[in-house]
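All remarks here apply to the structure that follows.
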Amino acid sequence: MSTPPVVLKALSNIYPLLIVIDQTLNNMLWITNDVPHIFVNIVFVSFSIRFLLITDIISVFDIGNHSLLIDYIGLLSTSFYICSLAYYIYSVASEIQNSEPPTADDLVILIENVQDKLFSVKKDFLNLFPRNNDYKLTFQWITLATSIQTLIFKFNLIPYVTDTTSYLIMCFVLMCIFHTHTFQGVLEIIWRLKFVRSLYVWWSNDNDKLYTKRQITPLGYFDMLISDKSYITVKMIIQSSEEITQFTTLRTRLIQLCEAEDRHENNTIETENIEKTPVIPSIEFNILKFCIEENQRKWNNDTWEAQTLPFERSNFTVVSSCGTSFNSDNPLTYDKQIPSNWIKLDDIWHKSSWDYCNKNWSYIGKKDSPECFTRTRVWSFRYFQKK
Amino acid sequence: MSTQKDNSKVKVTRAEFVNKRQGRIGGKTEEEFLEGLRSKNTNKDNETKNGIDVTNSNEYLGSSPLLTSTPSTISKVLINLYPCLIIWDNLLGVLTWTCDDIWPSVLLVLSYFGIVNYLDTIVKYFGHIVIVSIFIGYAKLDKYISNIVTSKPTLENIVEIMSRISLKSDILFSPFSNLNIRNIQRILLTALLLSPIHILVSWLVLPPRKLLLIGGLFVLTYHSSWSKVTRRLLWKFRFVRLLIFYITGIDLGGINKTDKSIFAAVQKQVSKLSSTEIMGKNGKNDNKPIRFTYVLYENQRRWIGMGWNTKMLSYERTAWTDEFLNEAPEPEKFELPNEHSEMVWRWIDKTWRLDLTNDGAITLSDTQAKTTATPGSEDGYLYYDNQWKKPSIEETFSKYTRRRRWVRTAELIKVPGNVHHPSTGKASADDSIVEDILDDEMIKNTANNMVSATAEHDETTNTNETGATSATLAANTTATTPIIDTSPIKKIDGKTDSRSYDSGSSTNVRKRISGASSIPKQTITTPPNNGITYIDD
């Protein structure tokens, strides 16, 4: 399938602009090979800011006292920077005119590049200000910024940053170096500190959705399941006396029924057929299923440990039918606390396979990968009693 | 019954109209397409009366033709880019003043004005709020973008918006496209050389903050219509042009009164001469050739460590000028103008020749040739001081500039009656025809005649040489033949000077001279004795 000329023409028209935007983003994100060029640009712009913000006319007699050299460099930087911008745009335009026109592949690749880079910038912004930010967060930020501003201008928090010029240069330089490897590396190291993360989560009020301080005991969980009527009731048609007299047979039969019941939930047609079957002598049983999520986080040396961060879900959690989450005890302690009128249906706790998630507990896949930092699995155990 | 039927038809149509297919990519086109088909089918139904209701089948028709013919990779990329395109479009619209509503642009200019004027206050008291606002604004913008993505644009919309953006970006970058590397180099050089003056100006007269304000306002309003009008008005003042030239070092045209002044002066003289003669002779001077000696000055400056060099200061004359110090092309790039509709230029001299007398300033013995086509690298120079003053023929320590004079004579002939060039009279594709018309013998004759003409010409020159005159326009006053001209030279203003320049071997007529195209053979074979007239500018 060939691209229609209309689309190709529109794309090729926009090509120079895309190149300029792409290059600008490259410089912003420091992903160009010519790193010294970015550095030179930063120096030029800083000197330009210093020069262009001079407000006062000075007296002829004071010229000797004035910082001649820095002003001179500022003027040269300004003119040189403007010239280099003009030259860049001119050279892009002339090169596109003189070289071979881009292919559709070139255009697509360039657009994808631009999109990816814009996405990176967006991610950085939205880390600080979520898209659906509330007034509380805005207020927090303004309060914090006001405090810093006061400290800077009233109490000289940062050396040499005392006036508008130095403040603007500082902001510009910080903005420029934010995406350098060094700065990002330092941020990563800081991010490894637990209290920093806790502080961030407290600040943005962005706890893990299963984070809770409420603890639930096995008995409490049991009561909750009973009160929510979260157990299922199965009718067992008595086909032979062994099913009642021998415990093993009964359990096997109940497990089969339980699984059949699960299937019914997924397949309504089958349920209808089963309902039509005649049921003659039967006994009803309640089957109760405990489901406990086990959560683990990857720590140093790629080891999975039960310890999680203070602002996220604990090692074992339980979620009620209405979505409330609780911290739970280790499932192995459940045996002793369940009332004796409920009989174990399973021999051991059944454990599902691990679901590997990213650092925010969002599901990624069934296998571990470098981007996975957390994992969860479900422990389940069934009890039954005669209704 | 018939009314009921009509009503039902109307209802059906309305129902279809209401039940438009909802939002897939290519929606609008698709709807138009389907509507078109519906109307077509309705017509068919009306024609057949008992037609089957096929309108429902339209529901299964394909989507936008553009979408179906575009590879999915490209469609996907474009759809993802669409939100950014909308933002860029708005941004460029504001910067280029091409939005329907100009108030955002006005607001931007006012904001800029306010920000620069009250920058200290804003930064000190509201700097943090500005930063936070930028972040919040970005978050809101992102939300806006994601809403747009869900609005499902058509591919036609995307193509349209891309065309709009490219147009606007062309407008935005148009000032840069007029620049070239030389301009940029000149700006840099000016900045470097004049920076002490600029610094002084910025200290004593115009503080940089004001410069920032004015510069920013200039840039932001550059594309507004009233700014364009103002610029156009201001550009009419020569003072403004000079000011810009001195500030930037770029000749944006119009520093001199006219562009291409060397040619303009010639044209002026030619038209003047032509008109007076036409008036005097009632238009019977069709084939009168006019000779003009083009003069180029080669200027050089001595740089410490580099010696003599064609690199000049940005504010002074260029390396090559005409006699009025207007910038002129180098001899190799010098082309005769071919603008006059009925007249054509051609060279008489084969090459540019150095005037060894440098316009009469250097005295030579009578036996020496006054011009030469192969001069030495140091020949014919007059040396000046740093200000292009105090000329001397000797190079001393105080001499930092020098120049020498190159000349070449050309001839302007009238194409008789435009017989061979009915439409334009210019040298054009008819060259090939000309070459066919002029046979080799004719060219030989012409060349011989020109050589003999030169010999006479030289004699006259040597006997009558008096001194400096600059531009020499030679007009054939009797002119029955346009090419061969052996006449003595006299000044049109009645002065006795009739100095001309050795044409030497340059009188070979080149075959490709288009001016000869329209000359009939018989006129060439009889060379007349024409007087060449000089005009001093």
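In what follows, chains are A, B, ... by sequence order, proteins preceding strands, each numbered from 1.
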> What residue pairs, at least two apart or across chains, pass side-chain hydrogen bond (donor to acceptor under 3.5 Å, both in side chains) with a residue in residues 144-153 of chain A?
Replying inline: A/T146-B/H128, A/Q149-A/Y167
When rounded to the nearest 0.5 angstrom, what distance separates [atom1] in [X] from [atom2] in [Y]?
X	Y	atom1	atom2	result
B/T70	A/L8	OG1	CG	9.0 Å
B/L81	A/I14	CG	CD1	6.5 Å
B/I136	A/I142	CD1	CD1	5.5 Å
A/E112	B/K76	CD	NZ	7.5 Å
A/N13	B/D170	CG	CG	7.5 Å
A/L53	B/L119	CG	CG	5.5 Å

Contact part of [X] toward chain A, heavy-atom cut-off under 4.5 Å: side chain, backbone, both or neither?
X	answer
B/V116	neither
B/L92	side chain
B/I161	neither
B/P196	both

> Under 4.5 Å, heavy atom to heavy atom, which residues of residues 206-215 of chain B contact chain A?
Replying inline: B/P207, B/P208, B/R209, B/L212
>> Sub-4.5 Å heavy-atom contacts with chain B: which residues of residues 87-96 of chain A show up?
In response: A/Y87, A/I89, A/Y90
> If contact means a heavy atom pair closer than 4.5 Å, which residues of residues 172-180 of chain A contact chain B?
Replying inline: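 Listed by number, there are no contacting residues, so the answer is none.
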> By a 4.5 Å heavy-atom criterion (distance strictly below it), what part of A/F153 contacts chain B: side chain, backbone, both, or neither?
Replying inline: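 The side chain, not the backbone.
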>> Does any backbone or side-chain atom of A/L118 lie under 4.5 Å from a heavy atom of chain B? Answer side chain, backbone, both or neither.
In response: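 For A/L118, heavy atoms of backbone and side chain both lie under 4.5 Å from chain B.
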> For A/Y200, does the OH atom have more than 12 heavy-atom neighbours from other residues, nucleotides or ligands under 6.0 Å away?
Replying inline: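 Counting other residues, nucleotides and ligands, OH of A/Y200 exceeds 12 neighbours.
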>> Just checking A/F47: does its CZ atom have more than 12 heavy atoms from other residues, nucleotides or ligands closer to it than 6.0 angstrom?
In response: no
>> Which one wins on heavy-atom pair count under 4.5 Å against chain A: B/T73, B/V159, B/L78, B/V77?
In response: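 Ranked by heavy-atom pairs under 4.5 Å with chain A, first place is B/V77.
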